[in-house]
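Below is one structure, written out as structure tokens; comments come after it.
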Amino acid sequence: MIVDERIITFINSMDTENSEILEQIEKEARADSVPIIRREMQSFLRTLLMLKKPVHILEVGTAVGFSALLMSEYAPEECRITTIENYEKRIPIARENFRRAGKADRITLIEGDAAEVLTELTGEYDFIFMDAAKGQYIHYFPEVMRLLAKGGCLVSDNVMQDGDIIESRFAVERRNRTIHARMREYLYELKHNEELITSIIPLGDGVTVSIKK
């Protein structure tokens, strides 16, 4: 937790519920210990989508489809979403959730390793949501930049590693040091890449919003 828990509780107490199907999918995901975006991040994402009004969204990391469905509800009707997932057990659940929500025609799920799938995608996306394996963000970055349209928005979730990101690598558990180093490299790239304007926001477990010039 990188933000005072009392503040988060207060913020979330002011929130309104999602649609009935999203509330149900979130309840099922939490019961199965499937990580989905936090409540405060959900509100932030909804706001960004209403401001940006994207028509082509790319999501890296589907899980059970919750965030893709959330985005489909707040993006324009003509918006189409492409989402990538590599974990075989979650793919059929995500597909079924898209069907249940009546959004199977608006959301395309591509199965496979994002590092490979991204190289095969063509066209441009005006909104990209990164929410996959944190240690891979820096490896996805070149292809993500290729696919991100000029003026497009790249949102990367969970970049603070529960606060570990600010620690020395020697203060981080050995098994987390590679991810720690890669995430620091990713954040540096976002802030120093001449094609991007980036804000790092202490929301949830940390989120970045980058706009391509």
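Note that the structure is predicted; figures quoted are calculated from it, not measured.
- Using a 4.0 Å cut-off between a side-chain N of Lys or Arg and a carboxylate O of Asp or Glu, K27 and E23 do not qualify as a salt bridge.
- If you take CG on L48 and CZ on F129, they are separated by 10.0 Å, rounding to the nearest 0.5 Å.
- When hydrophobic clusters are built by joining Ile, Leu, Val, Met, Phe, Trp and Tyr residues whose side-chain heavy atoms come closer than 4.5 Å, directly or via intermediates, L45 is grouped together with F98.
- Taking CD of E40 as the start and CG of L203 as the end, the distance is 5.5 Å to the nearest 0.5 Å.
- Counting non-hydrogen atoms of neighbouring residues, nucleotides and ligands closer than 6.0 angstrom, the CD atom of E78 exceeds 12 such neighbours.
- In this structure, the side chain of D131 does not engage the main chain of D157 through any donor-acceptor pair within 3.5 Å.
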Decide side-chain contact (heavy atoms from CB on, under 4.5 Å) for R6 and F10; before the verdict, give the C-alpha distance in whole Å, the side-chain angles of both, and the deciding distance to 0.1 Å. CA-CA 6 Å; R6 292 174 60 214; F10 175 75; over 6 Å; no

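- V144 and M130 make their closest contact through CG2-CE, 4.0 Å (heavy atoms, listed as atom of the first residue, atom of the second, distance).
- By the rule that hydrophobic residues join a cluster once side-chain heavy atoms approach within less than 4.5 Å of another member, I21 and I107 end up as members of one cluster.
- Heavy atoms only, all atoms of each residue included: K213 and L196 are closest at CE-O, 3.8 Å.
- Each of T47, D15, N18, N12 was scored for a side chain to side chain donor-acceptor pair (under 3.5 Å) with Q42, with one residue passing: N18.
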Verdict with reasoning, Q24 to E28, per side-chain hydrogen bond (donor to acceptor under 3.5 Å, both in side chains): CA-CA 6 Å; Q24 183 60 37; E28 292 166 0; 3.0 Å; yes

Could you walk me through whether F44 and I201 satisfy the side-chain contact (heavy atoms from CB on, under 4.5 Å) test, starting with their C-alpha distance in whole Å, then the side-chain angles of each, then the deciding distance to 0.1 Å, before giving a yes or no? CA-CA 11 Å; F44 185 60; I201 305 167; 3.6 Å; yes

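- Summarising the local packing, NE2 of H180 is surrounded by more than 12 heavy atoms from other residues, nucleotides or ligands at distances under 6.0 Å.
- Taking OG of S72 as the reference point, atom CZ of R106 lies at 5.5 Å (rounded to 0.5 Å).
- Contact check on E185 versus R182 returns no salt bridge, with no Lys/Arg side-chain nitrogen under 4.0 Å from an Asp/Glu carboxylate oxygen.
- The two atoms that bring C153 and V209 nearest to each other are SG-CG1, 3.7 Å, heavy atoms only.
- K212 contributes no side-chain N or O that, together with a main-chain N or O of E195, makes up a donor-acceptor pair within less than 3.5 Å.
- The shortest heavy-atom contact between A94 and L109 is CB-CD1, 3.6 Å.
- The shortest distance between side-chain heavy atoms of P76 and P54 falls below 4.5 Å.
- Between M41 atom CE and N158 atom CG the span is 8.0 Å, to the nearest 0.5 Å.
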For T208 and Y186, what are the C-alpha separation, side-chain angles and deciding distance, and is it a side-chain hydrogen bond (donor to acceptor under 3.5 Å, both in side chains)? CA-CA 11 Å; T208 60; Y186 181 67; 5.0 Å; no

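- Between A29 and I36, the shortest heavy-atom distance links the atoms CB-CG2, 3.9 Å.
- Put simply, I200 and I211 are part of two different groups of oily side chains (I, L, V, M, F, W, Y) that touch within less than 4.5 Å, one to the next.
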One pair to check against side-chain contact (heavy atoms from CB on, under 4.5 Å): L154 and L190. What are the steps and the verdict? CA-CA 10 Å; L154 166 63; L190 291 180; 4.1 Å; yes

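- Between R38 and I8, the closest side-chain pair of non-hydrogen atoms is not below 4.5 Å.
- L22 contributes atom CG, which lies 11.0 Å from atom CD of E17 (distance to the nearest 0.5 angstrom).
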Go through the steps for R46 and S43 under the test side-chain hydrogen bond (donor to acceptor under 3.5 Å, both in side chains), then give the verdict. CA-CA 5 Å; R46 291 196 298 260; S43 289; 3.0 Å; yes

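- For L69 against A101, the heavy-atom pair with the smallest separation is CD2-CB, 3.6 Å.
- E111 contributes atom CD, which lies 14.0 Å from atom OH of Y87 (distance to the nearest 0.5 angstrom).
- Salt-bridge check for R95 with E85: failed, with every basic side-chain N at 4.0 Å or more from each acidic carboxylate O.
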Output, in order, the C-alpha distance, side-chain angles, deciding distance and verdict of side-chain contact (heavy atoms from CB on, under 4.5 Å) for L58 and I84. CA-CA 8 Å; L58 173 63; I84 304 169; 4.1 Å; yes

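- Ring orientation note: the planes of Y137 and Y140 are tilted relative to one another, at an angle of 30° to 60°.
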Distance-only criterion, 3.5 Å: show the donor-acceptor pairs between side-chain atoms of residues 117-125 and protein atoms not counting sequence neighbours.
unit_1: T119; atom_1: OG1; unit_2: E116; atom_2: O; d: 2.6

